[in-house]
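Working notes for the structure below.
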Amino acid sequence: MLAGGRAGGHRRGAEQEGGGAAGGRRRPGEAAGEVEYNPAPMSQPISATSVTSIRELSQHAGQEVELSGWIDNKRSSGKIAFLQVRTAGGVVQAVAGRKDVSEEAWADIERVTQESTVRVRGTVKEDKRSPIGVEIQANGFEILSLTQDYPITPKEHGTAFLMEHRHLWLRSSRQRAALRVRSEVEQGIRDFFYDRQFTLIDSPILTPAACEGTSTLFETDYFGDKAYLSQSGQLYLEPAAAALGKVYCFGPTFRAEKSKTRRHLMEFWMVEPEVAFLEFEGLCALTEEFVGYLAARILDRSKEDLKVLERDTAKLEKVVPPFPRITYTQAVEILNREGNPLKWGDDFGGDEETILASQFDRPVMVTRFPASFKAFYMQPDPENPETVLGLDLLAPEGYGEIIGGSQRIHDHDLLLSRIQQHNLPVEAFQWYLDVRKYGAFPHSGFGMGIERFVAWMTGLTHLRETIPYPRMLYKIYP
RNA sequence: UCCUCGGUAGCUCAACGGUAGAGCGUUCGGCUGUUAACCGAAAUGUUGGGGGUUCGAAUCCCUCCCGAGGAGCCA
(Lines give C-alpha, C1' and ligand atoms only; values in the text may rest on other atoms or scores of the structure.)
Protein backbone atom coordinates (compact mmCIF):
# COMPACT_ATOMS: atom_id res chain seq x y z
CA MET A 1 0.00 0.00 0.00
CA LEU A 2 2.81 2.31 0.88
CA ALA A 3 4.66 1.44 -2.29
CA GLY A 4 1.50 1.96 -4.34
CA GLY A 5 0.97 5.35 -2.79
CA ARG A 6 4.51 6.38 -3.57
CA ALA A 7 4.25 5.22 -7.16
CA GLY A 8 1.05 7.20 -7.55
CA GLY A 9 2.72 10.24 -6.09
CA HIS A 10 5.62 9.98 -8.46
CA ARG A 11 3.37 9.54 -11.44
CA ARG A 12 1.36 12.60 -10.51
CA GLY A 13 4.59 14.48 -10.07
CA ALA A 14 5.69 13.53 -13.56
CA GLU A 15 2.40 14.66 -15.02
CA GLN A 16 2.70 18.01 -13.31
CA GLU A 17 6.11 18.55 -14.78
CA GLY A 18 4.80 17.57 -18.16
CA GLY A 19 1.86 19.88 -17.74
CA GLY A 20 4.19 22.67 -16.77
CA ALA A 21 6.29 22.05 -19.86
CA ALA A 22 3.29 21.94 -22.12
CA GLY A 23 2.07 25.09 -20.43
CA GLY A 24 -1.65 24.88 -21.05
CA ARG A 25 -1.96 28.62 -20.54
CA ARG A 26 0.74 29.33 -23.08
CA ARG A 27 -0.46 27.06 -25.85
CA PRO A 28 -3.02 29.48 -27.30
CA GLY A 29 -0.35 32.15 -27.63
CA GLU A 30 1.99 29.77 -29.39
CA ALA A 31 -0.71 28.68 -31.78
CA ALA A 32 -1.81 32.25 -32.49
CA GLY A 33 0.48 32.72 -35.46
CA GLU A 34 3.54 31.38 -37.13
CA VAL A 35 6.75 32.86 -35.87
CA GLU A 36 8.63 34.49 -38.69
CA TYR A 37 12.16 35.64 -39.05
CA ASN A 38 12.65 38.24 -41.72
CA PRO A 39 16.24 38.05 -42.88
CA ALA A 40 15.95 40.64 -45.66
CA PRO A 41 18.80 43.07 -45.14
CA MET A 42 17.94 46.71 -45.08
CA SER A 43 19.74 48.84 -47.62
CA GLN A 44 22.95 49.67 -45.90
CA PRO A 45 25.40 52.45 -46.63
CA ILE A 46 29.03 51.40 -46.78
CA SER A 47 29.83 53.73 -43.86
CA ALA A 48 27.66 51.99 -41.23
CA THR A 49 29.72 50.11 -38.63
CA SER A 50 28.24 46.87 -37.38
CA VAL A 51 28.09 46.89 -33.57
CA THR A 52 27.82 43.69 -31.59
CA SER A 53 28.15 45.05 -28.06
CA ILE A 54 26.61 48.14 -26.46
CA ARG A 55 29.94 48.78 -24.79
CA GLU A 56 31.56 49.56 -28.16
CA LEU A 57 29.14 52.40 -28.84
CA SER A 58 30.91 55.17 -26.97
CA GLN A 59 33.94 54.62 -29.22
CA HIS A 60 31.77 55.39 -32.23
CA ALA A 61 30.34 58.77 -31.18
CA GLY A 62 29.30 60.74 -34.25
CA GLN A 63 29.54 57.68 -36.51
CA GLU A 64 26.93 55.71 -38.35
CA VAL A 65 26.34 52.27 -36.79
CA GLU A 66 24.03 49.34 -37.19
CA LEU A 67 23.05 46.87 -34.49
CA SER A 68 20.64 44.01 -34.00
CA GLY A 69 18.87 43.19 -30.75
CA TRP A 70 15.64 42.87 -28.84
CA ILE A 71 13.12 45.56 -27.91
CA ASP A 72 13.44 45.87 -24.13
CA ASN A 73 10.75 48.54 -23.98
CA LYS A 74 9.25 51.23 -26.20
CA ARG A 75 7.75 54.66 -25.63
CA SER A 76 6.31 56.68 -28.43
CA SER A 77 4.29 59.70 -29.31
CA GLY A 78 2.82 60.48 -32.70
CA LYS A 79 6.01 61.82 -34.14
CA ILE A 80 8.90 60.51 -32.06
CA ALA A 81 9.66 57.07 -30.66
CA PHE A 82 12.09 55.85 -27.99
CA LEU A 83 13.17 52.27 -28.44
CA GLN A 84 15.20 50.49 -25.78
CA VAL A 85 17.28 47.97 -27.72
CA ARG A 86 19.02 45.18 -25.82
CA THR A 87 21.96 43.26 -27.19
CA ALA A 88 25.28 42.05 -25.83
CA GLY A 89 26.63 44.51 -23.29
CA GLY A 90 23.36 46.12 -22.27
CA VAL A 91 20.56 48.34 -23.50
CA VAL A 92 20.79 51.44 -25.65
CA GLN A 93 18.01 53.85 -26.52
CA ALA A 94 17.34 54.49 -30.18
CA VAL A 95 15.47 57.73 -30.86
CA ALA A 96 13.49 57.87 -34.08
CA GLY A 97 11.73 60.94 -35.40
CA ARG A 98 8.94 60.24 -37.85
CA LYS A 99 10.59 62.37 -40.51
CA ASP A 100 14.01 60.80 -40.02
CA VAL A 101 13.07 57.34 -41.25
CA SER A 102 11.26 55.86 -44.23
CA GLU A 103 7.49 55.31 -44.13
CA GLU A 104 8.03 51.54 -43.95
CA ALA A 105 10.46 51.95 -41.06
CA TRP A 106 8.05 54.22 -39.17
CA ALA A 107 5.23 51.70 -39.64
CA ASP A 108 7.51 49.03 -38.17
CA ILE A 109 8.39 51.28 -35.23
CA GLU A 110 4.68 51.85 -34.56
CA ARG A 111 3.84 48.16 -34.50
CA VAL A 112 6.99 46.72 -32.94
CA THR A 113 6.37 44.96 -29.63
CA GLN A 114 8.37 44.13 -26.51
CA GLU A 115 11.00 41.41 -27.16
CA SER A 116 10.73 41.56 -30.95
CA THR A 117 14.11 41.30 -32.67
CA VAL A 118 15.03 44.35 -34.70
CA ARG A 119 17.84 45.95 -36.63
CA VAL A 120 18.54 49.63 -36.06
CA ARG A 121 20.79 51.95 -38.00
CA GLY A 122 21.70 55.48 -36.96
CA THR A 123 24.21 57.95 -35.62
CA VAL A 124 25.75 57.52 -32.18
CA LYS A 125 25.09 60.67 -30.12
CA GLU A 126 26.43 61.54 -26.71
CA ASP A 127 23.57 62.51 -24.40
CA LYS A 128 23.64 63.32 -20.70
CA ARG A 129 20.14 61.91 -20.21
CA SER A 130 21.30 58.44 -21.24
CA PRO A 131 22.33 56.05 -18.46
CA ILE A 132 25.15 54.80 -20.69
CA GLY A 133 26.12 58.22 -22.00
CA VAL A 134 25.10 57.62 -25.61
CA GLU A 135 22.01 56.97 -27.67
CA ILE A 136 21.36 56.27 -31.32
CA GLN A 137 19.62 58.83 -33.52
CA ALA A 138 17.95 56.34 -35.82
CA ASN A 139 17.61 56.69 -39.57
CA GLY A 140 16.79 53.08 -40.35
CA PHE A 141 14.72 50.45 -38.58
CA GLU A 142 13.56 46.98 -39.44
CA ILE A 143 11.69 44.23 -37.61
CA LEU A 144 13.44 40.86 -37.89
CA SER A 145 10.89 38.88 -35.90
CA LEU A 146 7.71 40.27 -34.36
CA THR A 147 6.91 38.99 -30.89
CA GLN A 148 3.33 38.57 -29.73
CA ASP A 149 2.09 38.20 -26.16
CA TYR A 150 5.45 38.21 -24.39
CA PRO A 151 4.55 36.85 -20.96
CA ILE A 152 6.80 39.04 -18.81
CA THR A 153 5.55 42.60 -18.89
CA PRO A 154 7.39 45.60 -17.43
CA LYS A 155 5.30 45.36 -14.26
CA GLU A 156 5.48 43.22 -11.17
CA HIS A 157 5.19 39.44 -11.23
CA GLY A 158 5.26 36.73 -8.60
CA THR A 159 8.30 34.49 -8.32
CA ALA A 160 6.28 31.35 -9.11
CA PHE A 161 5.26 32.84 -12.45
CA LEU A 162 8.77 34.09 -13.14
CA MET A 163 10.33 30.71 -12.31
CA GLU A 164 7.95 29.01 -14.77
CA HIS A 165 9.35 31.45 -17.33
CA ARG A 166 12.94 31.33 -16.15
CA HIS A 167 14.17 31.04 -19.75
CA LEU A 168 12.59 34.43 -20.48
CA TRP A 169 13.14 35.96 -17.04
CA LEU A 170 16.88 35.82 -17.81
CA ARG A 171 16.31 38.78 -20.15
CA SER A 172 15.28 41.09 -17.27
CA SER A 173 17.76 43.66 -16.04
CA ARG A 174 18.15 42.32 -12.49
CA GLN A 175 18.64 38.78 -13.75
CA ARG A 176 21.20 39.92 -16.28
CA ALA A 177 23.05 41.78 -13.53
CA ALA A 178 23.02 38.80 -11.17
CA LEU A 179 24.32 36.43 -13.84
CA ARG A 180 27.06 38.84 -14.80
CA VAL A 181 28.16 39.02 -11.16
CA ARG A 182 28.18 35.22 -11.08
CA SER A 183 30.33 35.16 -14.20
CA GLU A 184 32.73 37.68 -12.63
CA VAL A 185 32.92 35.61 -9.43
CA GLU A 186 33.75 32.49 -11.44
CA GLN A 187 36.39 34.30 -13.46
CA GLY A 188 37.80 35.72 -10.23
CA ILE A 189 38.05 32.25 -8.74
CA ARG A 190 39.96 30.94 -11.75
CA ASP A 191 42.27 33.95 -11.82
CA PHE A 192 42.94 33.72 -8.07
CA PHE A 193 44.11 30.13 -8.29
CA TYR A 194 45.82 30.49 -11.65
CA ASP A 195 47.86 33.44 -10.35
CA ARG A 196 48.97 31.31 -7.38
CA GLN A 197 50.12 28.37 -9.53
CA PHE A 198 47.24 26.04 -8.68
CA THR A 199 46.40 23.34 -11.22
CA LEU A 200 42.75 22.87 -12.14
CA ILE A 201 41.71 19.26 -11.64
CA ASP A 202 38.28 18.31 -12.97
CA SER A 203 36.86 15.83 -10.50
CA PRO A 204 34.39 13.19 -11.70
CA ILE A 205 30.63 13.73 -11.62
CA LEU A 206 29.79 10.01 -11.53
CA THR A 207 31.14 8.29 -8.46
CA PRO A 208 30.94 4.71 -7.22
CA ALA A 209 30.14 5.53 -3.58
CA ALA A 210 29.22 8.29 -1.22
CA CYS A 211 32.09 10.68 -0.59
CA GLU A 212 31.31 11.40 3.01
CA GLY A 213 28.71 8.79 3.73
CA THR A 214 26.23 11.26 5.14
CA SER A 215 24.32 13.16 2.46
CA THR A 216 21.58 11.68 0.31
CA LEU A 217 22.86 11.28 -3.22
CA PHE A 218 21.23 11.05 -6.61
CA GLU A 219 21.49 7.47 -7.77
CA THR A 220 21.87 6.42 -11.37
CA ASP A 221 22.36 3.22 -13.30
CA TYR A 222 25.91 2.55 -14.46
CA PHE A 223 25.67 -0.46 -16.79
CA GLY A 224 23.95 -2.50 -14.13
CA ASP A 225 25.91 -1.08 -11.21
CA LYS A 226 24.88 1.81 -9.05
CA ALA A 227 26.59 5.14 -9.49
CA TYR A 228 26.00 8.43 -7.73
CA LEU A 229 26.22 12.06 -8.75
CA SER A 230 29.10 13.66 -6.94
CA GLN A 231 28.49 15.64 -3.78
CA SER A 232 32.10 16.84 -3.56
CA GLY A 233 35.28 16.61 -5.57
CA GLN A 234 37.50 16.76 -2.51
CA LEU A 235 38.37 13.12 -2.10
CA TYR A 236 39.49 12.96 -5.73
CA LEU A 237 41.50 16.12 -5.24
CA GLU A 238 43.71 14.73 -2.50
CA PRO A 239 45.56 12.24 -4.75
CA ALA A 240 45.98 15.08 -7.26
CA ALA A 241 47.54 17.22 -4.51
CA ALA A 242 50.21 14.52 -4.18
CA ALA A 243 50.83 14.81 -7.89
CA LEU A 244 50.72 18.58 -8.34
CA GLY A 245 50.92 20.16 -4.90
CA LYS A 246 48.38 22.96 -5.25
CA VAL A 247 45.16 21.95 -6.98
CA TYR A 248 41.51 22.94 -7.15
CA CYS A 249 38.34 21.70 -8.72
CA PHE A 250 35.37 23.72 -9.81
CA GLY A 251 32.20 22.08 -10.99
CA PRO A 252 28.62 21.08 -10.30
CA THR A 253 27.68 19.24 -7.14
CA PHE A 254 24.51 17.31 -6.39
CA ARG A 255 22.59 16.75 -3.19
CA ALA A 256 19.36 14.80 -3.10
CA GLU A 257 18.38 16.17 0.31
CA LYS A 258 14.76 17.26 0.34
CA SER A 259 15.75 20.76 1.38
CA LYS A 260 13.18 23.44 0.69
CA THR A 261 14.72 26.73 1.71
CA ARG A 262 16.17 29.82 0.08
CA ARG A 263 19.64 28.54 0.92
CA HIS A 264 19.45 25.21 -0.92
CA LEU A 265 19.59 23.89 -4.44
CA MET A 266 19.69 20.28 -5.61
CA GLU A 267 22.44 21.16 -8.10
CA PHE A 268 24.98 23.81 -7.25
CA TRP A 269 28.52 24.77 -8.13
CA MET A 270 31.39 24.39 -5.75
CA VAL A 271 35.05 25.38 -5.87
CA GLU A 272 37.44 23.29 -3.78
CA PRO A 273 41.17 23.97 -3.38
CA GLU A 274 43.45 21.35 -1.83
CA VAL A 275 47.05 22.10 -0.88
CA ALA A 276 49.85 19.72 0.04
CA PHE A 277 51.81 20.57 3.19
CA LEU A 278 49.30 23.28 4.09
CA GLU A 279 48.34 23.03 7.76
CA PHE A 280 45.44 24.53 9.61
CA GLU A 281 46.75 28.05 10.21
CA GLY A 282 47.71 28.30 6.55
CA LEU A 283 44.27 27.11 5.54
CA CYS A 284 42.63 29.89 7.56
CA ALA A 285 44.93 32.42 5.88
CA LEU A 286 44.14 31.05 2.41
CA THR A 287 40.41 31.24 3.12
CA GLU A 288 40.68 34.90 4.18
CA GLU A 289 42.83 35.86 1.24
CA PHE A 290 40.47 34.14 -1.19
CA VAL A 291 37.28 35.73 0.08
CA GLY A 292 38.89 39.15 0.47
CA TYR A 293 40.19 38.96 -3.11
CA LEU A 294 36.81 38.03 -4.56
CA ALA A 295 34.89 40.70 -2.64
CA ALA A 296 37.35 43.41 -3.73
CA ARG A 297 37.18 42.19 -7.31
CA ILE A 298 33.38 42.30 -7.40
CA LEU A 299 33.37 45.80 -5.89
CA ASP A 300 35.85 46.86 -8.54
CA ARG A 301 34.50 45.16 -11.64
CA SER A 302 30.77 44.72 -11.03
CA LYS A 303 29.84 48.24 -9.89
CA GLU A 304 27.14 48.74 -12.50
CA ASP A 305 25.55 45.38 -11.82
CA LEU A 306 25.56 45.94 -8.05
CA LYS A 307 23.84 49.27 -8.67
CA VAL A 308 21.11 47.59 -10.72
CA LEU A 309 20.70 45.11 -7.89
CA GLU A 310 20.62 47.95 -5.34
CA ARG A 311 23.32 46.28 -3.30
CA ASP A 312 24.58 48.23 -0.27
CA THR A 313 28.25 48.14 -1.23
CA ALA A 314 29.37 49.73 2.06
CA LYS A 315 28.79 46.33 3.64
CA LEU A 316 31.00 44.61 1.07
CA GLU A 317 33.77 47.17 1.48
CA LYS A 318 34.29 45.88 5.01
CA VAL A 319 35.14 42.40 3.72
CA VAL A 320 38.88 42.88 4.21
CA PRO A 321 41.15 40.36 5.99
CA PRO A 322 41.93 39.55 8.68
CA PHE A 323 38.55 38.08 9.58
CA PRO A 324 37.57 37.45 13.19
CA ARG A 325 38.18 33.88 14.36
CA ILE A 326 36.38 32.09 17.13
CA THR A 327 36.48 28.49 18.19
CA TYR A 328 33.37 26.36 18.29
CA THR A 329 33.59 26.46 22.09
CA GLN A 330 33.60 30.27 22.05
CA ALA A 331 30.68 30.23 19.60
CA VAL A 332 28.63 28.12 21.99
CA GLU A 333 29.39 30.64 24.76
CA ILE A 334 28.25 33.53 22.54
CA LEU A 335 25.05 31.72 21.64
CA ASN A 336 24.25 31.01 25.27
CA ARG A 337 24.95 34.62 26.18
CA GLU A 338 22.67 35.80 23.33
CA GLY A 339 19.81 33.72 24.67
CA ASN A 340 20.09 30.83 22.23
CA PRO A 341 20.93 27.91 24.52
CA LEU A 342 23.08 25.23 22.95
CA LYS A 343 24.93 22.32 24.50
CA TRP A 344 28.59 21.73 23.68
CA GLY A 345 28.49 19.08 20.97
CA ASP A 346 25.36 20.33 19.18
CA ASP A 347 25.63 21.53 15.59
CA PHE A 348 24.44 24.99 14.53
CA GLY A 349 21.23 25.62 12.62
CA GLY A 350 20.46 28.56 10.39
CA ASP A 351 19.36 30.75 13.29
CA GLU A 352 22.56 30.08 15.22
CA GLU A 353 24.66 30.97 12.18
CA THR A 354 22.80 34.25 11.78
CA ILE A 355 23.25 35.17 15.46
CA LEU A 356 26.97 34.39 15.34
CA ALA A 357 27.52 36.29 12.10
CA SER A 358 25.59 39.31 13.39
CA GLN A 359 28.22 39.78 16.12
CA PHE A 360 30.73 40.89 13.48
CA ASP A 361 30.79 43.25 10.50
CA ARG A 362 33.04 40.92 8.51
CA PRO A 363 32.79 37.21 7.77
CA VAL A 364 33.64 35.17 10.86
CA MET A 365 35.64 31.94 10.95
CA VAL A 366 34.38 29.34 13.37
CA THR A 367 37.02 26.69 14.04
CA ARG A 368 37.77 23.48 15.94
CA PHE A 369 34.43 21.69 15.96
CA PRO A 370 33.52 18.54 17.85
CA ALA A 371 34.51 15.57 15.70
CA SER A 372 31.11 14.01 16.29
CA PHE A 373 29.20 15.97 13.66
CA LYS A 374 32.00 16.57 11.15
CA ALA A 375 33.29 14.47 8.26
CA PHE A 376 35.45 11.41 8.99
CA TYR A 377 38.56 12.75 7.25
CA MET A 378 39.15 15.81 9.44
CA GLN A 379 42.43 16.01 11.36
CA PRO A 380 42.06 15.91 15.16
CA ASP A 381 43.02 19.06 17.04
CA PRO A 382 46.30 18.29 18.88
CA GLU A 383 45.16 20.52 21.75
CA ASN A 384 41.86 18.67 22.17
CA PRO A 385 41.36 15.30 20.44
CA GLU A 386 37.59 15.63 20.82
CA THR A 387 37.66 18.44 18.26
CA VAL A 388 38.91 18.63 14.68
CA LEU A 389 40.88 21.20 12.69
CA GLY A 390 37.88 22.32 10.69
CA LEU A 391 36.66 25.78 9.82
CA ASP A 392 33.37 27.26 8.68
CA LEU A 393 33.24 30.74 7.25
CA LEU A 394 29.97 32.47 8.09
CA ALA A 395 29.04 35.45 5.92
CA PRO A 396 27.33 38.49 7.45
CA GLU A 397 23.75 39.63 6.81
CA GLY A 398 22.29 36.17 7.29
CA TYR A 399 23.97 34.56 4.29
CA GLY A 400 25.30 31.79 6.50
CA GLU A 401 27.97 29.22 5.84
CA ILE A 402 29.66 29.89 2.53
CA ILE A 403 32.86 27.93 3.13
CA GLY A 404 33.63 24.72 4.97
CA GLY A 405 37.15 23.37 5.17
CA SER A 406 39.62 21.41 7.23
CA GLN A 407 43.04 19.93 7.58
CA ARG A 408 42.77 16.29 6.46
CA ILE A 409 43.95 13.25 8.33
CA HIS A 410 47.29 12.23 6.80
CA ASP A 411 48.03 9.24 9.06
CA HIS A 412 47.01 6.00 7.36
CA ASP A 413 46.00 4.04 10.45
CA LEU A 414 44.06 6.90 12.00
CA LEU A 415 42.11 7.42 8.77
CA LEU A 416 41.41 3.69 8.51
CA SER A 417 39.99 3.61 12.02
CA ARG A 418 37.80 6.66 11.27
CA ILE A 419 36.44 4.99 8.15
CA GLN A 420 35.61 1.94 10.22
CA GLN A 421 34.05 4.01 13.03
CA HIS A 422 31.76 5.67 10.47
CA ASN A 423 30.75 2.26 9.08
CA LEU A 424 32.01 3.15 5.62
CA PRO A 425 33.07 0.37 3.22
CA VAL A 426 36.86 0.18 3.53
CA GLU A 427 37.27 -1.42 0.05
CA ALA A 428 35.66 1.59 -1.58
CA PHE A 429 38.12 3.89 0.14
CA GLN A 430 41.27 1.87 -0.62
CA TRP A 431 42.43 4.36 -3.21
CA TYR A 432 41.86 7.18 -0.74
CA LEU A 433 43.92 5.35 1.89
CA ASP A 434 46.68 4.91 -0.70
CA VAL A 435 47.26 8.67 -0.55
CA ARG A 436 48.47 8.08 3.03
CA LYS A 437 50.22 4.82 2.25
CA TYR A 438 52.60 6.12 -0.42
CA GLY A 439 54.19 9.29 0.93
CA ALA A 440 51.88 10.71 3.56
CA PHE A 441 51.76 14.50 3.80
CA PRO A 442 49.74 17.01 5.81
CA HIS A 443 47.22 18.79 3.59
CA SER A 444 44.20 21.03 3.85
CA GLY A 445 41.44 22.43 1.69
CA PHE A 446 38.01 23.99 1.65
CA GLY A 447 34.87 24.10 -0.44
CA MET A 448 32.87 27.18 -1.32
CA GLY A 449 29.32 27.18 -2.68
CA ILE A 450 29.22 29.59 -5.59
CA GLU A 451 25.54 30.40 -5.35
CA ARG A 452 25.72 31.33 -1.68
CA PHE A 453 28.71 33.53 -2.36
CA VAL A 454 27.00 35.21 -5.32
CA ALA A 455 23.83 35.70 -3.24
CA TRP A 456 25.92 37.44 -0.60
CA MET A 457 27.70 39.67 -3.13
CA THR A 458 24.50 40.62 -4.96
CA GLY A 459 22.28 40.90 -1.88
CA LEU A 460 19.80 38.44 -3.39
CA THR A 461 17.83 36.62 -0.73
CA HIS A 462 17.21 33.39 -2.64
CA LEU A 463 19.76 31.14 -4.35
CA ARG A 464 17.42 30.50 -7.27
CA GLU A 465 18.31 33.86 -8.83
CA THR A 466 22.08 33.28 -8.64
CA ILE A 467 22.13 30.37 -11.12
CA PRO A 468 20.68 30.43 -14.63
CA TYR A 469 18.51 27.33 -14.27
CA PRO A 470 17.99 26.41 -10.62
CA ARG A 471 17.18 22.83 -9.72
CA MET A 472 14.96 22.82 -6.66
CA LEU A 473 12.88 20.33 -4.74
CA TYR A 474 10.41 18.82 -7.24
CA LYS A 475 11.15 21.59 -9.75
CA ILE A 476 13.25 20.93 -12.83
CA TYR A 477 11.43 23.03 -15.49
CA PRO A 478 12.61 24.67 -17.62
C1' U B 1 8.88 14.29 5.55
C1' C B 2 6.70 17.98 8.98
C1' C B 3 4.70 23.10 10.19
C1' U B 4 2.58 27.94 8.43
C1' C B 5 0.36 30.90 4.60
C1' G B 6 -1.78 31.08 -0.19
C1' G B 7 -4.47 29.66 -5.37
C1' U B 8 -10.06 35.01 -8.47
C1' A B 9 -8.89 38.15 -16.04
C1' G B 10 -2.38 37.12 -19.53
C1' C B 11 0.14 39.40 -14.77
C1' U B 12 -0.32 41.73 -9.58
C1' C B 13 -4.27 41.87 -6.42
C1' A B 14 -9.55 43.43 -4.29
C1' A B 15 -14.38 41.51 -3.18
C1' C B 16 -14.86 37.29 2.65
C1' G B 17 -22.59 34.27 2.53
C1' G B 18 -26.39 38.13 -1.69
C1' U B 19 -25.27 41.36 -9.47
C1' A B 20 -16.92 39.18 -9.87
C1' G B 21 -13.86 44.37 -9.73
C1' A B 22 -9.25 47.59 -10.18
C1' G B 23 -4.27 48.56 -11.95
C1' C B 24 -0.87 46.78 -15.50
C1' G B 25 -0.58 44.15 -20.19
C1' U B 26 -3.51 43.63 -24.98
C1' U B 27 -6.55 46.24 -29.07
C1' C B 28 -8.08 51.14 -31.03
C1' G B 29 -7.42 56.64 -30.85
C1' G B 30 -4.23 61.08 -29.21
C1' C B 31 0.56 63.24 -28.03
C1' U B 32 8.06 65.74 -30.88
C1' G B 33 12.47 64.08 -25.22
C1' U B 34 10.16 59.56 -23.05
C1' U B 35 12.86 56.81 -18.59
C1' A B 36 8.04 50.75 -15.33
C1' A B 37 6.12 57.68 -20.24
C1' C B 38 1.26 59.95 -20.27
C1' C B 39 -4.26 60.89 -21.72
C1' G B 40 -9.07 58.69 -23.67
C1' A B 41 -11.99 54.27 -25.13
C1' A B 42 -12.82 48.88 -25.65
C1' A B 43 -12.32 43.53 -25.04
C1' U B 44 -11.04 39.84 -21.38
C1' G B 45 -13.36 35.00 -16.11
C1' U B 46 -15.85 27.05 -15.77
C1' U B 47 -12.95 32.17 -8.90
C1' G B 48 -7.06 25.29 -8.95
C1' G B 49 -10.08 20.03 -9.32
C1' G B 50 -13.87 17.08 -6.92
C1' G B 51 -17.53 16.58 -3.09
C1' G B 52 -20.63 18.79 0.84
C1' U B 53 -23.60 22.74 3.85
C1' U B 54 -27.14 26.65 2.20
C1' C B 55 -32.87 29.63 -0.81
C1' G B 56 -28.03 31.34 -2.52
C1' A B 57 -20.75 29.73 -2.15
C1' A B 58 -14.96 33.07 -4.88
C1' U B 59 -16.46 33.40 0.38
C1' C B 60 -18.13 28.11 5.18
C1' C B 61 -16.68 22.50 5.66
C1' C B 62 -14.06 17.90 3.68
C1' U B 63 -10.57 16.08 0.21
C1' C B 64 -6.99 16.09 -3.65
C1' C B 65 -3.59 19.04 -6.64
C1' C B 66 -0.32 23.16 -7.09
C1' G B 67 2.65 27.35 -5.19
C1' A B 68 5.36 30.31 -1.36
C1' G B 69 7.99 30.58 3.33
C1' G B 70 10.27 27.83 7.21
C1' A B 71 12.27 23.20 10.00
C1' G B 72 15.66 19.09 9.54
C1' C B 73 20.31 18.51 6.39
C1' C B 74 23.95 21.14 4.27
C1' A B 75 27.55 24.69 0.57
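The sequence lines fix the lettering, A, B, ..., with proteins before strands; numbering per chain opens at 1.
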Can you check the distance between [N] and [M], where both ends of the measurement are the [atom1] atom (answer in whole Å)?
N: B/G50; M: B/C31; atom1: P; answer: 50 Å
N: B/G56; M: B/U63; atom1: P; answer: 23 Å
N: B/C11; M: B/G67; atom1: P; answer: 16 Å
N: B/G30; M: B/A15; atom1: P; answer: 39 Å
N: B/U19; M: B/C13; atom1: P; answer: 25 Å

ask   = For A/Arg368, what residues pass the salt bridge (charged side-chain N to carboxylate O under 4.0 Å, His left out) criterion, not counting sequence neighbours?
value =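 For A/Arg368 the salt bridge (charged side-chain N to carboxylate O under 4.0 Å, His left out) partners, ignoring immediate neighbours, are A/Glu281, A/Asp381.
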
inquiry  = Tell me every residue that passes salt bridge (charged side-chain N to carboxylate O under 4.0 Å, His left out) with A/Lys79, counting only those two or more places apart in sequence or in another chain.
reply    =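 A/Lys79: no salt bridge (charged side-chain N to carboxylate O under 4.0 Å, His left out) contacts found.
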
query = Using centres under 5.5 Å plus planes under 30 degrees as the test, is A/Phe268 stacked with B/A75?
reply =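 Stacked: ring centres under 5.5 Å, planes under 30°.
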
What about [X]: does its side chain form a donor-acceptor pair under 3.5 Å with the base of [N]?
X: A/Ser259; N: B/C73; answer: yes
X: A/Lys260; N: B/U1; answer: no
X: A/Glu135; N: B/G33; answer: yes
X: A/Gln148; N: B/U26; answer: no

request  = Please report, rounded to the nearest Å, how far the P atom of B/C73 is from the CD atom of A/Glu353.
outcome  =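 Computing the A/Glu353:CD to B/C73:P distance gives 11 Å.
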
request  = Specify the separation, in whole Å, of atom CG of A/Asp149 and atom P of B/A9.
outcome  =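 Distance check: A/Asp149 CG to B/A9 P gives 16 Å.
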
When you measure from the side-chain N and O atoms of [X] to the phosphate of [N], is any distance below 4.0 Å, counting only OP1 and OP2?
X: A/Tyr477; N: B/G67; value: no
X: A/His157; N: B/C24; value: no
X: A/Lys374; N: B/C73; value: no
X: A/Arg464; N: B/G67; value: no

Over all strands shown, is [X] touching base, sugar-phosphate only, or nothing at heavy-atom distances under 4.0 angstrom?
X: A/Lys99; answer: base
X: A/Leu463; answer: base
X: A/Leu265; answer: base
X: A/Gln84; answer: nothing

ask   = Hey, is A/Arg182 close enough to A/Glu465 for a salt bridge, meaning N to O under 4.0 Å?
value =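 Looking at A/Glu465 together with A/Arg182, the answer is no, because their closest N to O distance does not fall below 4.0 Å.
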
ask   = Do NZ/NE/NH1/NH2 and the carboxylate oxygens of A/Glu142 and A/Arg121 come within less than 4.0 Å?
value =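 A/Arg121 and A/Glu142: not salt-bridged.
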
request  = Give a yes or no answer on whether the side chain of A/Thr207 reaches the backbone of A/Tyr228 with a donor-acceptor pair at less than 3.5 Å.
outcome  =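 Yes.
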
ask   = For A/Phe373, what residues pass the ring pair (Phe, Tyr, Trp, His ring centres under 6.0 Å) criterion, not counting sequence neighbours?
value =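 Checked A/Phe373 against ring pair (Phe, Tyr, Trp, His ring centres under 6.0 Å); matches are A/Tyr328.
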
key: Qualifying side chain to side chain donor-acceptor pair (under 3.5 Å) pairs with a residue from residues 341-357 of chain A, counting only residues at least two apart or across chains   =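 Every pair satisfying side chain to side chain donor-acceptor pair (under 3.5 Å) with a residue in residues 341-357 of chain A: A/Thr329-A/Trp344.
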
request  = Counting Watson-Crick and G-U wobble pairs whose two distances are both under 3.5 Å, find the runs of 3 or more in a row that involve RNA chain B.
outcome  =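 Looking at RNA chain B, the stems formed by three or more consecutive pairs are B:1-7 with B:65-71, B:10-13 with B:21-24, B:26-30 with B:38-42, B:48-52 with B:60-64.
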
message = A/Glu126: which residues meet the side-chain hydrogen bond (donor to acceptor under 3.5 Å, both in side chains) condition with it, sequence neighbours left out?
response =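 A/Glu126 satisfies side-chain hydrogen bond (donor to acceptor under 3.5 Å, both in side chains) with no residue once adjacent residues are dropped.
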
Listed nucleotide nearest any side-chain atom of A/Ser77, set B/C74, B/U32, B/G33 =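 Comparing B/C74, B/U32, B/G33 against the side chain of A/Ser77, the answer is B/U32.
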
